[in-house]
Amino acid sequence: MSHPFQDSLNNIEKRLEELTKLVTKKQEKVFDKVIIDNDEFQRLFKISPGTAANWREKGLIAYSQINNKIVYKIQDINTMLDNNYRPFKK
């Protein structure tokens, strides 16, 4: 016979596992996309709107602007990462 407290713990644990799977799947989906918007870009890099604007002004990241909407190609994000890659020095 199980205890009600144990049942609650088991339910919480099961829900946490489901949520963890959902978060992981959502994170992986970002790179399946062709483009992301400015909000997603800022969340992905954990940067402020000012930093994103600074990177665009410096030419660090290519982007498209349609009216007031800014979007980035995932391909351009990968290019930015490659161009700024600093390998380990031995």
Side-chain angles (χ1 to χ4, degrees):
M1 187 170 145
S2 65
H3 192 277
F5 182 71
Q6 187 62 44
D7 290 343
S8 291
L9 281 178
N10 289 341
N11 287 337
I12 291 170
E13 186 176 273
K14 184 178 177 186
R15 187 67 182 134
L16 276 173
E17 287 174 10
E18 291 169 3
L19 289 170
T20 300
K21 286 177 187 174
L22 282 172
V23 168
T24 301
K25 191 173 181 178
K26 187 166 179 69
Q27 287 172 336
E28 291 169 354
K29 285 224 179 260
V30 168
F31 290 100
D32 291 342
K33 295 180 183 179
V34 176
I35 62 165
I36 63 172
D37 67 16
N38 198 40
D39 289 338
E40 283 181 293
F41 179 71
Q42 291 169 38
R43 275 194 304 273
L44 182 65
F45 283 93
K46 295 180 173 66
I47 59 173
S48 69
T51 298
N54 193 336
W55 289 5
R56 291 191 303 271
E57 289 167 16
K58 287 183 174 180
L60 295 175
I61 180 71
Y63 65 98
S64 296
Q65 184 168 358
I66 303 157
N67 291 328
N68 292 328
K69 183 79 170 176
I70 294 172
V71 293
Y72 307 88
K73 293 180 184 177
I74 292 295
Q75 168 186 330
D76 290 333
I77 293 171
N78 286 327
T79 299
M80 177 189 72
L81 293 172
D82 290 343
N83 290 344
N84 291 281
Y85 181 71
R86 304 288 184 262
F88 287 115
K89 294 180 180 175
K90 292 185 179 184

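Just so it is clear, the model here is predicted, and its values are computed rather than measured. Position 1 is the first residue of the sequence, and the numbers go up from there.
- Taking each heavy atom of Ala52 and Asn38 in turn, the nearest pair found is CB-OD1, 3.9 Å.
- Residues that satisfy the side chain to side chain contact (heavy atoms under 4.5 Å, CB included) test with Ala53, not counting sequence neighbours, are Arg56, Glu57.
- Between the CD atom of Gln6 and the CD atom of Glu13 there is a distance of 8.5 Å, given to the nearest 0.5 Å.
- Contact between Asn68 and Gln65 at its shortest, heavy atoms only, is CA-NE2, 4.0 Å.
- In this view, Tyr63 satisfies the ring-ring contact (aromatic ring centres under 6.0 Å, His included) rule with no residue, not counting sequence neighbours.
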Practice prompt. Quick one: do Arg15 and Glu18 satisfy salt bridge (charged side-chain N to carboxylate O under 4.0 Å, His left out)? Show the steps, please.
Written response: CA-CA 5 Å; Arg15 187 67 182 134; Glu18 291 169 3; 3.1 Å; yes

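- One finds the CD atom of Glu40 at 4.5 Å from the CG atom of Asp37 (value rounded to the nearest 0.5 Å).
- Rounded to the nearest 0.5 angstrom, Ile70 CD1 and Ile35 CD1 are separated by 12.5 Å.
- The shortest heavy-atom contact between Ile36 and Ile77 is CD1-CD1, 3.6 Å.
- Between Thr51 and Trp55, some side-chain heavy-atom pair lies under the 4.5 Å cut-off.
- Atom-to-atom distance recorded for Leu60:CG and Asn83:CG is 9.5 Å, nearest 0.5 angstrom.
- Taken to the nearest 0.5 Å, the CZ atom of Phe41 stands 10.0 Å off from the CG atom of Asp76.
- Side chains of Gln75 and Asn78 form no contact here, defined as non-hydrogen atoms less than 4.5 Å apart.
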